[in-house]
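For this chain, numbers begin at 1 and follow the sequence in order.
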Amino acid sequence: MARFSLITNSFWGGVTRVFNTLEILLKKEYPDSTVFKEFLSTNTFSFSILRDIRSNPPDVLFIGGWDNTLKTLVHNIDRNKTKVILVWCSPLTQVDLGGELGRFLDVWNLSQSGMISNVCLGVESNYQALNPTNKSISFTPFYFEENELDPYRQIVEKSSEFDSSKIHCDFFCAPCPRKNIFAQICSLSQFKENINAHFNYTDAGEGMRYIEAASSLLSNITNHGFLETQNYFSLIRQMDFGMQVTLSESFNYVAAEHMYMSIPVVLSKATPFVRYHNDDISGLIVDSPEDTRQISEIAGKIILDPVFRKEMGEVCFQYIKKYNDSSKSIFTENIKQMISKGQ
C-alpha cells in the first residue's frame, strides 16, 4: 500500500487548486493508498511533520510552493525511502515579475543533485525550454475538477440583487502587478455607464489601490471582498463576462471557471490554454496585454452585442471542456509515470 504526502505553504490560489486535484487523482488511481495533505504556515517549520515523515516515511512526497520551510524539509528527509516531487505553479515569466529567482534556483539545484526527483511545470513551453538541460523537469498541465462547477452551471436565472440594466463584468484575481488590472480598468472606462464592475479584493493592501482606481474611472463598482468557494462560484454565474488580460499565467483558474460556466472572458496570450488551437475563441484574445485599444474593442463587442456575448459563452464552454479533459489525461499519466519510475 503506497503512502503519499502532499505538503504546501499556500492556503489559496493556484497551488491550492493543483493540490486539491492531485489529492483527488491519487485517491482515485491508488485506492488502497493513504494520502496525507498538510498546509504549512509560511516560514514556520513544523518539526512534528518532519518527525512523522522520518518515523513513517511516505513513498512519495509532493511539495507545492517553495520557501525555507520546505527547503529544510527536503534537506532532512531520507531520499532512500522517499521520492520528492515538487509542483512549481508559476510560469517562468513570474520568476522575474514575482521576485522568485532565488527560490527557483534553489529548486533547480536540488533537482540537479537528485534531492528532488521531479519538478512539475504547468506551462508546456517552459518544460520544452528546460527539460533538455535537466531531465527532472516534467510537464503537468493544470486542470480543474468539473464536478465542482457542474451545480453552478445549472443556475439560469440572474439574481434580483443585480441591476438588470447593467452588463456585469468582473476582475476576480489576486491583486498584483502581473494581473494587469489597471490597464483593463482603463480599457472599460468608455463603457462606464453600461457596466457594473465587480471585484473580490480585501480591505487592505494592493487591492484597495485598484478599487480606488476603478472608483475614479468607472461609474458602478462592487467590491465583494474575500469570497468563500461556494459564494465565488455562485457569483461567477451571475456575471455577463470576465476580464483576464494578464501578463503571466501558469493556467488561470479564474478564466477557466468562467468559461466552463459559459461566461465569456477577455483573455491575453499569456494564458496557456489560449496559446494552442485557439481559433474558436480568437475573438476574445488580446494580442498584447498592453494594447488597451484592443482590450476596449473586444470588451465593447461583448458589452454591446448580446448575441455575440451568448454565442461566445457557449463557445468558451466547449473549448475549455475539451482542453481540460486533455490536460487531465496528460497530468494523470505523467504523475503516474513519476511515481512508478525507480520503484
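- Evaluation of the ring-ring contact (aromatic ring centres under 6.0 Å, His included) rule for F171 yields F199 as partners, not counting sequence neighbours.
- Among residues two or more places apart in sequence or in another chain, the ring-ring contact (aromatic ring centres under 6.0 Å, His included) test is passed with Y210 by none.
- Side-chain contact annotation: S90 with E100, donor-acceptor N/O pair under 3.5 Å present.
- L86 and L101 fall within a single hydrophobic cluster, where Ile, Leu, Val, Met, Phe, Trp and Tyr side chains are chained together by heavy-atom contacts under 4.5 Å.
- Paired with H198 under the rule ring-ring contact (aromatic ring centres under 6.0 Å, His included), one option of F172, Y232, F162 passes, and it is F162.
- Between the side chain of N194 and the backbone N or O of I167, no donor-acceptor pair lies under 3.5 Å.
- A donor-acceptor pair is defined here as one N or O able to donate and one able to accept, closer than 3.5 Å; no such pair exists between the side chain of N334 and the backbone of Q337.
- With hydrogens and angles left out, the side-chain atoms of D170 and H258 include a donor and acceptor closer than 3.5 Å.
- Interatomic distance, CD of E228 versus CG of L235, reported as 13.5 Å (0.5 Å rounding).
- Partners of F62 according to the ring-ring contact (aromatic ring centres under 6.0 Å, His included) rule, which considers only residues two or more places apart in sequence or in another chain, do not exist here.
- Of the possible donor and acceptor atoms, one in the side chain of N180 sits under 3.5 Å from a partner among the backbone N and O of V245.
- With E314 as reference, Q318 is the one residue of M312, Q318, E311 to meet the side chain to side chain contact (heavy atoms under 4.5 Å, CB included) rule.
- Counting only distance, with no hydrogens or angles, the side chain of K83 and the backbone of I116 share no donor-acceptor pair below 3.5 Å.
- Side chain to side chain, E249 and T271 fail the donor-acceptor criterion of an N or O pair below 3.5 Å.
- Linking Ile, Leu, Val, Met, Phe, Trp and Tyr residues whenever their side-chain heavy atoms come within less than 4.5 Å places I285 and Y260 in a single cluster.
- Qualifying salt bridge (charged side-chain N to carboxylate O under 4.0 Å, His left out) partners for K37, counting only residues two or more places apart in sequence or in other chains: E23.
- In this structure a side-chain-to-backbone donor-acceptor pair under 3.5 Å is present from S268 to T246.
- Listed by chain and number, the residues in a side chain to side chain contact (heavy atoms under 4.5 Å, CB included) with S33 are A2, F4, Y30, V35 (sequence neighbours excluded).
- Checking side-chain atoms of R309 against main-chain N and O of I302 turns up a donor-acceptor pair under 3.5 Å.
- With N324 contributing its side chain and F144 its backbone, the two residues share a donor-acceptor pair below 3.5 Å.
- Applying the side-chain hydrogen bond (donor to acceptor under 3.5 Å, both in side chains) criterion to S117, with sequence neighbours excluded, gives R79.
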